[in-house]
Visitor: 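Supplied in C-alpha cells, the structure appears directly below.
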Amino acid sequence: MRLTDFWARLEEAFGPGYAASIARDQVLSQLGGQTVEQALASGEQTHVVWRAVCAAYPDRVPARLR
C-alpha cells in the first residue's frame, strides 16, 4: 500500500481532522506502543500500520477499506 493510499483511507474512515489526531495521538498496542506517525517514521510498512488501525477501530473502518 502506498503512503498516499494509507492517508486517503485513514481520512475517509475518520474524517480529515480526526484522522490526524488518530495518527498523532493514539498509541496502538498492535504497533508496539507507538502512534501511527511513529510507526511510519520508524519504517513500519504501511499495510502493517493499516491493519493495526483496522484492528484498533473495527467499528469505524468500513469493510470496503480493509
Visitor: For residues Ile22 and Val48: do they belong to one hydrophobic cluster (side chain heavy atoms under 4.5 Å, members Ile, Leu, Val, Met, Phe, Trp, Tyr)?
Guide: no

Visitor: Give the cluster check for Val53 versus Val27: same hydrophobic cluster or not, with ILVMFWY residues linked at side-chain heavy-atom distances below 4.5 Å.
Guide: no

Visitor: Roughly how far, to the nearest 0.5 Å, is the CZ atom of Phe6 from the CD atom of Gln45?
Guide: 13.0 Å

Visitor: Which donor-acceptor pairs under 3.5 Å do side chains of residues 56-66 form with protein atoms, sequence neighbours excluded?
Guide:
from: Arg64; atom 1: NH1; to: Glu12; atom 2: OE2; distance (Å): 2.6
from: Arg64; atom 1: NH2; to: Glu12; atom 2: OE2; distance (Å): 2.6
from: Arg66; atom 1: NE; to: Val61; atom 2: O; distance (Å): 3.2
from: Arg66; atom 1: NH2; to: Pro58; atom 2: O; distance (Å): 2.4
from: Arg66; atom 1: NH2; to: Val61; atom 2: O; distance (Å): 3.0

Visitor: Would you mind writing out the side-chain donor-acceptor pairs for residues 37-44 within the sub-3.5 Å range, not counting sequence neighbours?
Guide:
from: Gln38; atom 1: OE1; to: Thr35; atom 2: N; distance (Å): 2.8
from: Gln38; atom 1: OE1; to: Thr35; atom 2: OG1; distance (Å): 3.4
from: Ser42; atom 1: OG; to: Gln38; atom 2: O; distance (Å): 3.3
from: Ser42; atom 1: OG; to: Ala39; atom 2: O; distance (Å): 2.9

Visitor: Restricting to non-hydrogen atoms, name the atom on Phe14 and the atom on Ala19 that form the minimum distance, rounded to 0.1 Å.
Guide: CB-N, 3.9 Å

Visitor: Provide the closest heavy-atom pair for Trp7 versus Val36 in the form atom of the first, atom of the second, distance.
Guide: CH2-CG1, 4.4 Å

Visitor: Could you see if Val49 belongs to whatever hydrophobic cluster contains Met1? Use Ile, Leu, Val, Met, Phe, Trp, Tyr and a side-chain cutoff under 4.5 Å.
Guide: yes

Visitor: Could you state the interatomic distance from SG (Cys54) to CD (Gln30), rounded to the nearest 0.5 Å?
Guide: 10.5 Å

